[in-house]
Amino acid sequence: MSDRIVDEEPVAVTHTGPKGVINDWRKFKLESMDQEALPPGKRELLRQMSSPHKPRDSCVGGFNRKMSAQEYELIKEDDEKSLRKYRKQCMQEMHERLSFGPKFEGVYDLDSGEAFLEVIEKEHRLTVVVVHIYKDGVQGCEALNSCMDCLATEYPSVKFCRITAIATGAGERFSDDVLPALLVYKSGELLGNFLAVTQHFSEEFFATDVEAFLNEYGLLPEKECGPGAEEDEADVE
């Protein structure tokens with residue numbers, strides 16, 4: 001069989017095994033610390049510790065990659081907060097590599113029909129996109145916006161967006177009597193189209209009511225563990 005040359009994009013190498021984890025931790029420590037505030041000697045030691053490779057022969061004195069007592073004491077100085085930050089970063093990177101999709105913070109305000117289409121068509125294939133179409137002054141719109149803010153913190157893997165009916169460019173299709181409208185997409189496909197959605201709620205409704213309504217149609221993923229769970233895990237360890 002003839003040899004074939006295949007062009008491939010370079011792939012980032014992730015260290016595995018105990019030595020790889022130590023080297024990754026050293027590199028993270030170097031990048032996260034305030035380098036300017038460190039004494040020159042300690043800064044150089046951290047720089048050397050961050051590289052798993054042997055220095056060139058031209059380096060004065062060389063550097064033994066076996067962990068010295070000085071290195072051990074330096075690593076030992078790291079507080080639990082820094083270690084948790086490193087562990088959280090590793091988990092997030094693994095989460096994204098396994099294609100669970102990106103994370104979001106807060107509700108995204110869309111200002112045009114183009115922005116509306118872009119968030120639907122270009123978002124990650126596993127990401128659920130919930131769009132609230134509203135108009136100021138229409139009953140229920142303000143309350144639903146508040147509910148969206150709450151749900152965005154509870155479901156960081158869901159992209160919550162809002163846009164005024166006029167900004168969509170199809171204001172005639174979203175008259176006051178069909179607002180607030182809630183549209184749910186995934187992989188560019190419309191999964192839920194709820195016009196005048198507040199008719200399904202009581203006059204006074206909350207984020208839990210909207211959550212239960214969306215879950216009734218199976219439109220929300222499983223709720224992720226909050227920050228408290230991480231604290232509990234640390235206490236157990």
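Just so you know, residue 1 is the first one in the sequence shown, and it goes up from there. Note that the structure is a prediction, hence the values are computed from the model and not measured.
For the residue pair Cys161 and Val119, the shortest heavy atom distance occurs at SG-CG2, 3.9 Å. The shortest heavy-atom contact between Cys141 and Leu179 is SG-CB, 4.3 Å. Here the closest non-hydrogen pair linking Phe205 and Ala143 is CZ-CB, 3.6 Å. Heavy-atom minimum distance, Ile133 versus Ala165: CG2-CA, 3.8 Å. Closest approach of Lys103 to Ser157, counting heavy atoms only: NZ-CB, 4.2 Å. When every heavy atom of Leu144 is checked against every heavy atom of Pro180, the shortest pair comes out as CD2-CB, 3.8 Å.
Note: Asn215 CG to Glu222 CD = 10.0 Å, rounded to the nearest 0.5 Å. Taken from NZ in Lys186 to CZ in Arg125, the straight-line distance is 9.0 Å, to the nearest 0.5 Å. One finds the CZ atom of Phe160 at 9.0 Å from the OG1 atom of Thr153 (value rounded to the nearest 0.5 Å). Taking CD of Glu216 as the start and NE2 of His200 as the end, the distance is 9.0 Å to the nearest 0.5 Å. Between atom CG of residue Leu214 and atom SG of residue Cys147 there is a gap of 10.5 Å, rounded to the nearest 0.5 Å. Atom-to-atom distance recorded for Asp109:CG and Arg162:CZ is 4.5 Å, nearest 0.5 angstrom.
For the pair Val129/Val184, no side-chain contact is recorded, criterion being any heavy-atom separation below 4.5 Å from C-beta on. Within the 4.5 Å cutoff, the side chain of Ile163 has heavy atoms near those of the Val131 side chain.
When hydrophobic clusters are built by joining Ile, Leu, Val, Met, Phe, Trp and Tyr residues whose side-chain heavy atoms come closer than 4.5 Å, directly or via intermediates, Tyr134 is not grouped with Val197. No continuous path of ILVMFWY side-chain contacts below 4.5 Å connects Tyr108 to Phe116, so the two sit in separate hydrophobic clusters. In the hydrophobic clustering of ILVMFWY residues, with side-chain heavy atoms under 4.5 Å counting as a link, Val178 and Ile166 come out apart. With hydrophobic clusters built from ILVMFWY side chains whose heavy atoms lie under 4.5 angstrom apart, Val107 does not share a cluster with Ile120. Clustering ILVMFWY residues whenever any of their side-chain heavy atoms sit less than 4.5 angstrom apart, transitively, puts Leu110 in a cluster other than the one holding Val130.
Looking only at atom types and distance, the side chain of Glu123 has no donor-acceptor partner in the side chain of Tyr185 under 3.5 Å away.
Within the 3.5 Å criterion, the main-chain N or O of Leu195 finds a donor-acceptor partner in the side chain of Gln199. When atom types are taken as modelled, the side chain of Thr168 and the backbone of Gly113 share no donor-acceptor pair closer than 3.5 angstrom. A distance-only check finds no donor-acceptor pair linking the side chain of Thr198 to the backbone of Phe201 [under 3.5 Å].
For Lys135 and Phe174, the positive end is not near the middle of the six-membered ring at less than 6.0 Å and at most 45° from its axis.
Residue Glu172 places its CD atom among more than 12 non-hydrogen atoms of other residues, nucleotides or ligands, all under 6.0 Å distant.
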side-chain contact (heavy atoms from CB on, under 4.5 Å) between Leu219 and Val128, worked out:
CA-CA 8 Å; Leu219 296 174; Val128 174; 5.5 Å; no

Does the side-chain contact (heavy atoms from CB on, under 4.5 Å) test come out yes or no for Asp136 and Thr164, once each step is laid out?
CA-CA 8 Å; Asp136 292 332; Thr164 62; 5.5 Å; no

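Between Phe194 and Tyr217, the distance from one ring center to the other falls under 6.0 angstrom.
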